[in-house]
Amino acid sequence: MTAERYNARVAEPRWQQVWDEKGIFASKNDDPRPKYYVLEMFPYPSGRIHMGHVRNYTMGDVVARYKRAKGFRVLHPMGWDAFGMPAENAAMANKVHPREWTYANIAAMKAQLKSMGLSLDWAREVATCDPSYYKHQQRMFLDFLAAGLVERKQSKVNWDPVDQTVLANEQVIDGRGWRSGALVEQRELTQWFFKITKYSQELLSALDTLDRWPEKVRLMQKNWIGRSEGLHVRFALDPATTPNGESELEIFTTRHDTLFGAKFMGLSPDHPLAKAAAEKNPALKAFIAECKKVGTAQEAIDKAEKRGFDTGIRAIHPFDPSWRLPVYVANFVLMEYGTGAIFGCPAHDQRDLDFVNKYGLGNTPVVCPEGQDPKMFVVGDEAFVGDGRMINSRFLDGMTFAEAQEEVAKRLEGTVRGNAPVGRREVMYRLRDWGISRQRYWGCPIPVVHCRTCGVQPVPAADLPVTLPDDITFDRPGNPLDRHPTWKHTTCPKCGGKAVRETDTMDTFVDSSWYFVRFTDPWIETAPTDRPAADSWLPVDQYIGGIEHAILHLLYSRFFTRAMKATGHVGIEEPFAGLFTQGMVVHETYKGTDGHWVMPAEVTIETVEGKRTAKLSDGTPVEIGPVEKMSKSKKNTIDPDEIIKTYGADVARWFMLSDSPPERDIEWTEEGVQARWTFVQRLWRIVNEAAEVASAGDLPRPAFFGEPALALRKATHQALSRVSDDIEKLRFNRCVAHIYELANAVQASLAAAGASPDQDYRWAVRECAEILVQLFHPMMPHLAEECWEVLGQPGLVAEAAWPEVEADLLVEDTITLPVQVNGKKRGDVTVPRTAGKAEVEAAALALDAVQKALDGKLPKKVIVVPNRIVNVVA
RNA sequence: GCGGACGUGGCGGAACCGGUAGACGCAGCGGACUUAAAAUCCGCUGGGGGAGACCUCGUGCGGGUUCGAGUCCCGCCGUCCGCACCA
């Protein structure tokens, strides 16, 4: 009678092996059924999976298993984002070759992922560090180059003089290299760029079509692209005041309406005119040098006060030749945006106002808020940036801000000086081109050679891949490719003369910008894609990953897909039709008396009189800290491997799906794991008992169902309907709640149904058990297979079709409506579903509670909302 | 500074288009079974009042719209996130 406890440790590997042997998760490209491509962001092979992976991959797996059951041919692949710095760091620290380190990590992580029971098609596995992958990436680089989507240009980088390497912004901490601690320098290097800005407008406009993306991500990308419409204005300069007789300064503005409020011109310290002026003015030179010092640390930039230096140059106002404006070098003007020069209108720009207040240049308001007396309107410490009417602006006076903009633009466009109009409308974007050069070894080599006579030459397609040499050393700083004795020496493909290879490798974001395409046919050797396969699978229907990739990875992938389309490798523009960003996994933190963090595994929690206290195994008290994202530094991590070994993968998966909405953070707790484990055991018992109440095939479907059987069937089909709906919407926490409810319902029926002589009740229990197992199968697949077997079902639940809802079971014959008096609930009425308004009203008014609340008065009005509520207005 | 999201029991959260607030789970309390414990099963569990049927207050705070507001509108407060001298 009593079943053994469910033993996940035995059952899980067994079912994983069965799935593996039957190859049921391998998707075929020639399968004619409708496709569904579900993808989770592939991991960096750090060597161990963490709880974030467990959450991410569980969600994707639920969708994959569900869609498979719904009759789709599902593509659910996995691979490795395998290039990158940690492999080189490991090489330096432990003298392991980056390749060995990476592949060992891949093997370890793959075993861990397999223990999760994910329904992945491992036949399509790719690793970006494999020449069979990066060969195609090199090919596409060359295609992009030919298509004008790649460019080589000078760019500023953070240079670590000790490690002799370029650092990403986040690797610069307080102006110093994160590893070496050396002061970081700004260096100009010639680097390769993908011309993502060619697609600025398209990447922006197409955001509107991504209706299955989170609004938040679309907004972040929109802001990142940063479109603004403005005007280029060529200010004339008084040549008598310029260092070399320069006669013109071009600025960019979006507030040309405020031109009459101008008080100064601002030059970036990097502006050519500023540099030229500095050559003749040592004090200015010193000022510029000082500006650059602040440069790197973000904090310093934030807090730096506005400072400037009068160059002595004078600009002429475009609408008044007699109006001179002083030209300052100002530390807050960026060379990278617009033209690196501005005109300052302090009354309507806070930065400009801070600046003039410091240098006593005054301010004149030119926009007056609606309804305020222009004569009384003054600007003090706070710039007025709102809408209003023009004042103090000659021919613009009285116009709205929009009218004034139009008027100024029109006039300046029509004014010609030296063959060109003084004003030119332009749309400006904040988005910059994507610099992909990295001075590192463990990345995809950029397939070009440098020839002294022919310049930069692409490596011929036939010579790809340019592979990384194996014999490298990390005993010295700098890029091993650069100092390799032979690797970089080659011949020029054009002239046959001596040439050197490019020793920079590509940013790893390039690798991850097209892996989802490669998965559609990872076997083809002659090209990055097999077009029919790519066309049939793409776009990804559901992409799932962390919000931290909201901008770069997703934007680069969107660009890359467009570039691939332009070069004929795919037929689509948008790679991800649906995007979901999951929340983090968080945990309490613990701090020992010595102030060091303590791992949860070392802590014992006790609850005494409602107060939780923590201590170490030797009794030393531990302080319970705030709940935070799991991180190595705070030591509040839980090892998925340990959880799977102790409780099984299904418990870990179930935890990840329960309670917290998937887009929000989830808190991992010991009580929580226990509870999920208890529920697994309970489901196991329920199914075993249900199997005894009604074993497979021995009960024909009854023609009639009595009350208890019907009630259970309604609960069953309602749960089926709701779980299906919620999986489609990725509302996994609600699925879990519905499954609990159904489990409660069937458990309450078991004893009565077993004792009942009527077969209909037993049949309903069996139906419920079967559907219940199918409902939790996407979430806890191993337990589901085990239960499916107990129920004597043929085949695997992983291959079973999703059950059909019997729609008439979702409709009740009678409905119970709440009855309110003046909005306060006073009772319920149960009426036939077909009852008319009058009937419902009469039934509601007949209630004792309603009569009591009315206190003898006649109701003023009775509102009957069909199927919802009755409200009696007294 | 700019932009966005979110505030519901002791906790995670549910509540469709404005219609019974607190589903489901955790924790807690009481009971059954047991020599006992574990496991399991049953019941209770927002605050206040009442022996009880019930009454009353209650979704961050203050207003408003509505027969009816957790949900809509206005104004605050708080928390989190993104961007950040972008002209």
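Quick note on labels: first sequence line is chain A, next is B, and so on, each numbered from 1. Atom set for the values below is all heavy atoms of this structure, side chains included, hydrogens, waters and symmetry mates excluded.
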Please determine whether a side-chain nitrogen of the Lys or Arg among A:D659 and A:R676 lies less than 4.0 Å from a carboxylate oxygen of the Asp or Glu.
yes
To the nearest angstrom, the CD-C1' distance between A:Q674 and B:A38 comes to 12 Å
For the side chain of A:I551, starting at C-beta, report the closest nucleotide among B:C67, B:C83, B:C85.
B:C83
Kindly point out which of B:C67, B:U20, B:G3 is positioned nearest to the side chain of A:L219?
B:G3
So, is A:N223 close to the B:A84 phosphate, meaning a side-chain N or O under 4.0 Å from OP1 or OP2?
no
Report which part of the nucleic acid A:E663 touches: base, sugar-phosphate, or nothing (heavy-atom distance under 4.0 Å, all strands).
nothing
Shortest side-chain distance from A:R685, nucleotide among B:A87, B:U40, B:C83:
B:U40
Go ahead and name the base partner of B:U40; Watson-Crick or wobble counts if both distances stay under 3.5 Å, otherwise write none.
B:A32
What nucleotide, of B:C41, B:C67, B:U20, holds the atom closest to the side chain of A:K861?
B:C67
Under a 3.5 Å limit for both distances, which nucleotide forms a Watson-Crick or G-U wobble pair with B:G18, could you say?
none
Hey, is the side chain of A:R731 poking within less than 4.0 Å of OP1 or OP2 on B:A14, counting only N and O atoms?
yes
For B:G25, the Watson-Crick or wobble counterpart (both distances under 3.5 Å)
B:C11
Figure out the CZ/C1' separation between A:R430 and B:C2, and round it to whole Å.
12 Å
Check every strand shown and say whether A:Y740 touches a base, only sugar-phosphate, or nothing at a heavy-atom separation below 4.0 Å.
sugar-phosphate
In terms of side-chain heavy atoms of A:M220, which of B:U40, B:C85, B:G82 is nearest?
B:G82
Could you work out which one of B:G19, B:C55, B:G3 sits closest to the side chain of A:R826?
B:C55
Report which part of the nucleic acid A:D349 touches: base, sugar-phosphate, or nothing (heavy-atom distance under 4.0 Å, all strands).
nothing
A:N733 side chain N/O closer than 4.0 Å to the phosphate oxygens (OP1, OP2) of B:A14?
yes
Can you check whether A:V327's main-chain N or O pairs, donor with acceptor, with A:T311's side chain at less than 3.5 Å?
yes
Euclidean distance for P, B:G58 against B:G68 (whole angstrom)
15 Å
Determine whether the side chains of A:R227 and A:Q201 contain a donor N or O and an acceptor N or O closer than 3.5 Å.
yes
Could you give the distance separating B:C33 and B:A14 at their P atoms, to the nearest angstrom?
40 Å
Tell me: CZ of A:R676 to C1' of B:G25, nearest whole Å?
7 Å
Reckon A:V870 touches a base, only the sugar-phosphate, or nothing at all at heavy-atom distances under 4.0 Å?
nothing
Atom CD of A:Q718 and atom C1' of B:C16 are separated, to the nearest Å, by 13 Å
Sugar-phosphate, base or nothing in reach of A:R255, heavy atoms under 4.0 Å:
sugar-phosphate
Closest to side chain of A:K824, choosing from B:G19, B:A87, B:C57:
B:C57
Can you check the A:I863 CD1 to B:C67 P distance for me, whole Å?
7 Å
Would you say the rings of A:Y328 and A:F355 are close, in the sense that their centroids are separated by under 6.0 Å?
yes
Short side-chain N/O contact from A:Q350 to OP1 or OP2 of B:C2, under 4.0 Å
no
With nearest nucleotide decided by heavy atoms, which residue, A:K216 or A:V333, maps closer to the 5′ end of RNA chain B?
A:K216
Select base, sugar-phosphate, or nothing to describe what A:S660 touches, counting heavy atoms under 4.0 Å on all strands.
sugar-phosphate
Consider the side chain of A:R664, meaning its heavy atoms from C-beta on, and name the nucleotide among B:U20, B:C41, B:G13 that approaches it most closely.
B:G13
Using heavy-atom distances to pick each residue's nearest nucleotide on RNA chain B, tell me which of A:T669 and A:V873 is more 5'.
A:T669
Inspect the contact between A:E215 and A:K222 and indicate whether a charged nitrogen and a carboxylate oxygen are less than 4.0 angstrom apart.
no
Lys/Arg-Asp/Glu bridge criterion (N-O < 4.0 Å) met for A:K729, A:D725:
yes
P spacing across the pair B:G62 / B:A69, given as an integer number of angstrom
15 Å
Could you tell me whether A:E667 contacts a base, only the sugar-phosphate backbone, or nothing, with contacts defined as non-hydrogen atoms closer than 4.0 Å?
nothing
Less than 3.5 Å apart, any donor N or O on the side chain of A:T197 or A:D433 sitting next to an acceptor on the other?
yes
For a quick check of understanding: with a heavy-atom distance under 4.0 Å over all strands, which category does A:K860 fall into, base, sugar-phosphate or nothing?
nothing
pair_partner(B:A5), Watson-Crick or wobble, both distances < 3.5 Å, evaluates to B:U79
Hey, are A:D354 and A:Q350 close enough side-chain-wise for a donor-acceptor pair under 3.5 Å?
yes
Per the O4'-C1'-N9-C4 / O4'-C1'-N1-C2 angle with a 90° window around 0, B:C26 comes out anti
Can you check the distance between B:C67 and B:U20, where both ends of the measurement are the C1' atom (answer in whole Å)?
16 Å
Distance check needed: B:G4 P versus A:I547 CD1, whole Å only.
16 Å
If I pick the P atom on B:G10 and the same atom on B:C83, what distance separates them, to the nearest angstrom?
36 Å
Using the P atoms only, state how far B:C16 lies from B:C85, rounded to an integer number of Å.
42 Å
Could you check whether A:D354 gets within reach of a base, just the sugar-phosphate, or nothing at all, counting any heavy atom under 4.0 Å?
nothing
If I pick the C1' atom on B:G48 and the same atom on B:A38, what distance separates them, to the nearest angstrom?
39 Å
Taking only the side-chain nitrogens and oxygens of A:S228, find out if one of them lies under 4.0 Å from OP1 or OP2 of B:A87.
yes
Nearest-neighbour nucleotide for the A:D659 side chain, B:U40, B:A87, B:G12 considered:
B:G12
Any chance you could lay out the side-chain contact (heavy atoms from CB on, under 4.5 Å) test for A:E305 and A:N331, step after step, and finish with the verdict?
CA-CA 9 Å; A:E305 65 175 322; A:N331 65 345; 5.8 Å; no
Assign A:T678 to base, sugar-phosphate, or nothing according to its heavy-atom contacts below 4.0 angstrom with the strands shown.
sugar-phosphate
Taking only the C1' atom of each, what is the distance from B:A27 to B:C81 in whole angstrom?
30 Å
Name the pairing partner of B:U59, where a pair is Watson-Crick or G-U wobble with both distances under 3.5 Å, or state none.
none
Going by a 90° cut-off around 0, is B:G9 syn or anti?
syn
Would you kindly give the CG-to-P distance between A:L742 and B:G25, to the nearest whole Å?
12 Å
Taking only the side-chain heavy atoms of A:N331 (C-beta and beyond), determine which of B:C85, B:A87, B:G13 contains the nearest atom.
B:C85
In whole Å, what is the span from the CG atom of A:N744 to the P atom of B:G43?
10 Å
Heavy-atom distance under 4.5 Å between the side chains of A:I342 and A:T253, does that happen here?
no
Would you indicate what A:D352 reaches in the nucleic acid, counting non-hydrogen atoms under 4.0 angstrom: base, sugar-phosphate, or nothing?
nothing
